Structures are given as C-alpha cells and as structure tokens.
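Quick notes on the structure that follows.
Since we're looking at a predicted model, the values are computed, not measured. The figures here come from the full heavy-atom set of this structure, side chains too, leaving out hydrogens, waters and symmetry mates.
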Amino acid sequence: MAETPQQTGSPVRQNVTFTSAGATAHGYLALPPAGHGPGVIVIQEWWGLNDHIADVTERLAKEGFVALAPDLYGGNVAHDSGEALRMMRALPVAHGVDLLSGAVDYLLGRPEVTSDTVGSVGFCMGGGFVLYQAANDPRVSAAVPFYGVIQGELPDFSGLKAEVLGHFGETDESVPPAALVALRDAIREQAGVEADFRTYPAGHAFFNDQRPEAYHAESADRAWRSTLEFLHARLG
C-alpha cells in the first residue's frame, strides 16, 4: 500500500469509552438527528481513528444511523505510511476482531440503536477487518469493505451471515483483480453468499477526500450512495 503521508496534526478522535477484549476501549460515536436508528460500525484505515474516519461516522449519523468508530490503535494516529504500516502490523488480526466484537456489544447495548444487527463499513485495513469481523460475528448483517486489504490468509467465511457490498479501485495495486476474484469465490463457496463487488475508475483510497492525490469524487459519490441504500435495506 504505497500511500503518501496523511495530513499532519490530525489527532485521534474519541468521545466514548467501553469494555472490549477484556480492557477499556475508546471510540467515536455519532447519533442521528432523530436520536435513534440502526447501528453501524466504522472501521479505520491504517492511519488510525482520525478526522476522516470521524467525518465518515458523522456522515452516516446524518443519514439516520447510530455510528461508532472504535479506536483500534488505542489513541495513536499515524502521520506517514511507514508509521502506519508499523502500527497495522502491530495489531494482530485476532485481537482486532476481538476489539470489534466488543464494539458491537457496546453499540447494540445502547438505547438509541433500533436494529438487532449492525452494519460494518471499513476502509483499507478497516475494509479487511470488515470481512474478518463479519466472518466471525453473525450480528453483522451488512458488510461494506472499501478497498479492503486482507492481511495474510483469507478468513474462514463458513460462519458469514452478512450480505456483502464491496468497493474497489480498478487501478488499486493493493487489491489486484485476481485477489478480488479469489475473495468472491471463497465467500460464495464457504458461505453461499454472492458478494456484490463493484469497481471504479480509481486507485486505492479513492473515498478519502482528505487525500487529494487519491480522492476520486465521482467514484466516491457512487460508492457512498450505493452504501447508504444497502445499509438502509439491510438494517431498516
């Protein structure tokens, strides 16, 4: 994932605390104008829980969802790709999945959440974690990986209960076409789910409007509109 530095000085964004993986975890929670709605987990890029992820969380809230972005890095934010890579590699996938399970516990336990299951939306590293999470937690009924990067082997999808809508860039070297085919086949064969993978004339991180060298407005808009339709259809 060759990425240029993220904006300098973007701090970690936290406003809630909850128990997860046997410890105290933090996250960024945004409520919809009505004060209640279906729950959605937002999973960070390899940069951390920064302004961009908080903004996505707020955008989902404006569309009627109770959105929670758990902080998988425990208060740290990377400012260059080398640091981001080190931080991502320091987070074991199994531990990340445990942290996300605790976030689902917390979200579904909030009185504002009207759904019995949650949606999960993630980007880059977080897109990979969307798939790991959905494969391990039947409470995830709508999984939306944006250019999701799988670290290591594919997860076992035999326990997957979620519908899957994925967004990928046609020129994204992090997720080559062959890998996307293998991922779709594994989901179909192991879970009996036909993943809806959509490609766009863009590269990696095309949804991140805080990275002008990667952002592709038309692709981002199309992916966002279809994501909202998908989440509303699956969660109410």
Side-chain angles (χ1 to χ4, degrees), residues 1 3 6-7 10-16 25-33 37-73 76-78 84 88 96 99-100 103-104 106-107 110 112-113 115 118-131 133-134 140 142-149 164-169 172 198 200 202-232 234-235:
M1 287 174 292
E3 299 188 27
Q6 180 68 310
Q7 65 274 21
S10 175
V12 67
R13 299 287 295 272
Q14 299 174 342
N15 62 6
V16 293
H26 304 270
Y28 187 79
L29 179 75
L31 300 178
V40 175
I41 297 289
V42 183
I43 310 179
Q44 67 196 50
E45 293 177 302
W46 69 345
W47 305 109
L49 177 47
N50 57 12
D51 289 343
H52 171 58
I53 298 302
D55 178 66
V56 173
T57 306
E58 292 167 355
R59 289 173 62 184
L60 283 165
K62 290 177 181 177
E63 297 293 337
F65 300 99
V66 179
L68 171 67
D71 181 3
L72 299 184
Y73 284 171
N76 297 308
V77 170
M88 180 180 72
L99 288 170
L100 292 169
V104 174
Y106 172 73
L107 190 59
R110 288 195 63 99
E112 302 93 341
V113 174
S115 56
V118 301
S120 183
V121 180
F123 306 86
C124 179
M125 177 192 82
F129 269 114
V130 164
L131 295 171
Q133 179 192 22
V140 178
V144 188
F146 277 76
Y147 30 89
V149 174
V164 181
L165 170 65
H167 305 294
F168 300 89
D172 184 356
R198 305 183 184 185
Y200 303 83
H204 193 71
F206 68 81
F207 189 78
N208 191 336
D209 55 5
Q210 296 187 13
R211 295 188 56 232
E213 80 286 356
Y215 179 59
H216 192 271
E218 181 182 356
S219 298
D221 180 66
R222 286 170 51 203
W224 182 248
R225 285 188 283 108
S226 63
T227 294
L228 294 176
E229 293 172 0
F230 177 73
L231 291 174
H232 279 299
R234 292 293 298 162
L235 301 172

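In this structure, CZ on R211 lies 12.5 Å from CZ on F206, to the nearest 0.5 angstrom. Taking CZ of F146 as the start and OG1 of T227 as the end, the distance is 3.5 Å to the nearest 0.5 Å. Taken to the nearest 0.5 Å, the CH2 atom of W47 stands 12.0 Å off from the CD atom of Q210. Note that SG of C124 and CD1 of I43 are 12.0 Å apart. Values are rounded to the nearest 0.5 Å. Considering NE2 of H216 and CG of N208, their distance stands at 14.5 Å, rounded to 0.5 Å. Interatomic distance, L29 CG to E112 CD, rounded to the nearest 0.5 Å: 7.0 Å.
Here the side chains of P70 and L99 are not in contact, with every heavy-atom distance at 4.5 Å or above. Side-chain contact between H52 and F207: present, with at least one pair of heavy atoms (C-beta onward) separated by less than 4.5 Å. Put simply, the side chain of R110 does not reach to within 4.5 Å of the side chain of L68, judged on heavy atoms.
When all heavy atoms of A142 and F230 are compared, the pair lying nearest together is CB-CE2, 3.6 Å. When all heavy atoms of V66 and P32 are compared, the closest pair comes out as CG2-CD, 3.7 Å. Nearest heavy atom pair, residue L49 against residue Q44, reads N-OE1, 3.8 Å. Counting all heavy atoms, side chain and backbone alike, V130 lies closest to A143 at CG1-CB, 3.6 Å. Of all non-hydrogen atoms in P38 and S115, the two that sit nearest each other are CA-OG, 3.5 Å. The minimum heavy-atom distance linking G119 with L231 is given by the pair CA-CD2, 4.2 Å.
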Show me the donor-acceptor pairs, under 3.5 Å and distance only, between side chains in residues 55-64 and residues at least two apart or in other chains.
from : atom 1 : to  : atom 2 : distance (Å)
T57  : OG1    : I53 : O      : 2.8
E58  : OE2    : Y28 : OH     : 2.3

(request) Please step through side chain to side chain contact (heavy atoms under 4.5 Å, CB included) for the pair V144 and V40, ending with a clear verdict. (result) CA-CA 10 Å; V144 188; V40 175; over 6 Å; no
(message) Could you go through W46 and V149, starting from their C-alpha distance and side-chain angles, then the distance that decides it, and tell me whether this counts as side chain to side chain contact (heavy atoms under 4.5 Å, CB included)?
(response) CA-CA 10 Å; W46 69 345; V149 174; over 6 Å; no
(request) Please lay out, stage by stage, how V113 and V118 fare under the test side chain to side chain contact (heavy atoms under 4.5 Å, CB included). (result) CA-CA 9 Å; V113 174; V118 301; 5.7 Å; no
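Ring geometry, Y147 versus F123: the interplanar angle falls from 30° to 60°, so the pair is classed tilted.
The only option from D71, N50, D51 that meets the side-chain hydrogen bond (donor to acceptor under 3.5 Å, both in side chains) definition with R13 turns out to be D51.
When the side-chain hydrogen bond (donor to acceptor under 3.5 Å, both in side chains) test is applied to Y200, the partners found at least two apart in sequence or on another chain are H167.
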